[in-house]
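Quick notes on the structure that follows.
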Amino acid sequence: MAEVLAVEIEGLVKTYRRRSAPPVTAVGGLSFQVPTGSVTALLGPNGAGKTTTVEICEGFRRADSGVVRVLGLDPARCGTALHPRVGVMLQAGGVYPGARAGEMLRLVAAHHRDPLDPDALLGRLGLVDAARTVYRRLSGGQRQRLALAIAVIGRPDLVFLDEPTAGLDVQARRATWELIEELRTSGVTVLLTTHAMDEAERLSDQVVIVDHGRVVAAGSPAELTHGGAEGQLRFRAPGGLDVDRLLLALPDGTVAREMPLGHYLIAGEVDPQLLAAVTAWCASNGVMAQDLRVEQRSLEDVFVELTGSELRP
Amino acid sequence: MTAGAAVPLAALDLRPAPGAAPPGRMLLAQTATEIRLTLRRGESVLLTLIIPLALLFFFDGVGALPADAGRPIDFLVPGLLALAIMSTAFTGQAIATGFERSYGVLKLLGASPLPRWVLLAGKTLAVLAVEVLQVLLLLIAGGLLGWHPHGSFGWVVLLLVLGTVAFSGLGLLMAGTLRAEATLAAANGVYLVLLMLGGIVFPLSNLPGWAEAIAKVLPTAALAGGLRSVLRDGSGVPAADLGILAAWAVVSLTLAARTFRWE
Ligand SMILES: Nc1ncnc2c1ncn2[C@@H]1O[C@H](COP(=O)(O)OP(=O)(O)O)[C@@H](O)[C@H]1O
Ligand SMILES: [Mg+2]
């Protein structure tokens with residue numbers, strides 16, 4: 001693969017117009033890039049526009065405006081060139097309701113020149129027992145794993161995985177994660193969507209946080225969570241301390257709040273001076289601080305900060 | 001998960017090696033899968049294989065036909081051949097395709113290296129394969145009941161193929177525009193109506209005049225009538241019936257191609 005960027009999206013806009021309802025702008029000027037060979041996670045709550053974005057890359061939907069390049073090509077016009085090279089896992093469905101899991105995987109394998117061994121792939125994803133079960137009777141988790149198998153069976157350069165672990169139990173989720181990690185070491189580019197923070201954090205080289213059809217932040221998990229040595233300090237103490245007076249003793253830009261009663265959170269540039277200032281203030285006010293600890297911000301904290309909303313799974 | 005975990009994991013070489021298979025291999029795989037899926041569906045086996053045979057034996061046995069219609073078996077075999085074609089090419093195909101559309105099968109296959117024409121050709125070949133099975137069963141059953149065909153084999157094949165195209169067009173038109181559940185209901189409803197208005201188990205002349213006039217230009221009556229004129233009466237070109245079927249084929253396929261939504 002010659003391209004440095006497997007996917008390039010610049011100023012993507014997509015509005016759904018329906019007869020009976022007001023138009024919905026699902027994607028409102030989205031830009032990001034997926035470097036070849038990386039795993040990129042589109043992270044965002046339900047309705048953020050993840051599926052719309054991915055389906056435009058897959059050629060299922062047309063963008064209203066903006067530029068989309070997949071493996072250097074326009075997905076709306078170059079389907080024939082792209083289909084063999086791109087693996088697709090839909091958010092749901094995609095299999096004949098009456099087809100057995102193994103039968104469907106072998107069918108898709110027969111569409112490709114040099115596919116993986118279907119039985120080995122079924123084994124890897126824990127689907128050996130389900131291989132002879134018809135799709136209609138597979139559990140949600142089995143359907144998810146079959147869809148993942150279908151996406152990778154043709155040994156693609158690039159795979160789009162729309163919510164690959166939604167609704168999976170712990171074991172199945174781990175099997176999926178391991179396969180995605182192995183895709184990456186094998187040189188396959190992965191663009192996945194998720195609303196699970198830990199998944200984005202664990203799997204991806206790059207996280208693109210989207211909300212209301214826009215990118216609110218992008219970077220590696222480390223860049224997003226460590227953003228300038230930021231962190232937070234937590235401790236327990238008797239309820240009702242005067243937080244504003246505490247803040248006067250701390251550097252500018254620090255935030256402090258009590259929530260819930262007796263639990264204190266201080267966010268800002270966490271360094272030895274800040275720690276010393278907090279403990280000194282407590283000591284001079286006769287307050288016994290317990291469970292004092294320094295925490296890194298999690299991706300979830302970043303997300304809540306940026307979107308001002310709790311996760312809406 | 002348990003058995004999967006117990007089996008030693010075979011090494012998977014996930015390194016990219018993309019490429020489409022040769023079209024012939026894809027067509028073979030699609031056709032074989034479509035045939036297997038059709039024969040696995042209980043209701044479709046009932047619809048396509050059992051009902052025409054059951055109607056043949058029943059109506060041949062009870063002698064419900066008017067005396068001037070000739071031997072019942074000579075009337076029934078062509079009619080039930082038409083019913084068999086309609087049930088596979090129209091009813092079965094509409095229902096299956098409707099559900100495939102609602103399950104996102106057509107959408108996902110549209111993103112695989114499978115060209116659209118191979119997908120459609122696979123469906124058509126599967127329909128033809130099931131029809132060969134149906135026709136053979138009906139001919140054997142007819143033979144057991146003392147039936148002898150007349151006329152030219154070529155016209156019979158042309159009628160069957162043209163009927164298949166017309167009914168496929170109607171089935172795909174329905175499956176490509178209606179929701180799956182609506183397609184299920186409508187396809188069965190149309191099947192029942194055309195079974196009664198198709199001149200299949202009783203002659204069109206038994207209908208009131210206005211109904212007969214409508215029924216005559218419907219594809220089922222054209223197929224049954226054409227087959228009957230060749231197989232029973234030994235007549236030459238069934239031109240009017242071929243014309244009606246060709247018109248249905250052109251209109252339905254044109255509309256289906258214009259309106260079909262893949263998801
Ligand atoms: N086919 C559609 N017609 C109308 N609105 C749609 C359609 N698909 C998605 N939407 C709307 O677009 C927004 C983004 O949806 P989607 O891309 O599915 O988000 P996500 O995958 O992040 O949950 C939502 O408000 C959704 O209701
Ligand atoms: Mg989605």
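Being a predicted model, the structure only gives us computed values, none of them experimental. Letters go in sequence order (proteins before strands), and every chain restarts at 1.
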Under a 4.5 Å heavy-atom criterion, the part of residues 77-84 of chain B in contact with chain A comprises none
Honestly, the part of A:Pro156 sitting under 4.5 Å from a heavy atom of chain B is backbone
When the 4.5 angstrom heavy-atom criterion is applied to A:Arg106 and chain B, the contacting part is neither
Of the listed B:Pro115, B:Pro113, B:Pro22, the one with the largest count of heavy-atom pairs under 4.5 Å with chain A is B:Pro113
Residues of residues 157-178 of chain B with a heavy atom under 4.5 Å from any heavy atom of chain A, in residue-number order, are none
Closest heavy-atom pair, B:Pro16 versus A:Ser186, reported as atoms and distance to 0.1 Å, is CD-O, 3.4 Å
Applying a strict 4.5 Å limit to non-hydrogen atoms, the region of A:Ala109 in contact with chain B is backbone
Applying a strict 4.5 Å limit to non-hydrogen atoms, the region of A:Glu103 in contact with chain B is side chain
For residues 91-112 of chain B against chain A, heavy atoms under 4.5 Å, the residues are B:Phe99, B:Glu100, B:Tyr103, B:Gly104, B:Val105, B:Lys107, B:Leu108, B:Leu109, B:Gly110, B:Ala111, B:Ser112
Taking a cut-off of under 4.5 angstrom between non-hydrogen atoms, the residues of residues 25-44 of chain B near chain A are B:Arg25, B:Met26, B:Ala29, B:Gln30, B:Thr33, B:Glu34, B:Arg36, B:Leu37, B:Arg40
The interface call for A:Gln91 against chain B, heavy-atom contacts under 4.5 Å, is neither
When every non-hydrogen atom of A:Ala110 is compared with those of B:Ala21, the smallest separation belongs to O-CB, 3.1 Å
Measuring only between side-chain heavy atoms, which start at C-beta, is B:Leu14 closer than 4.5 Å to A:Arg155? no
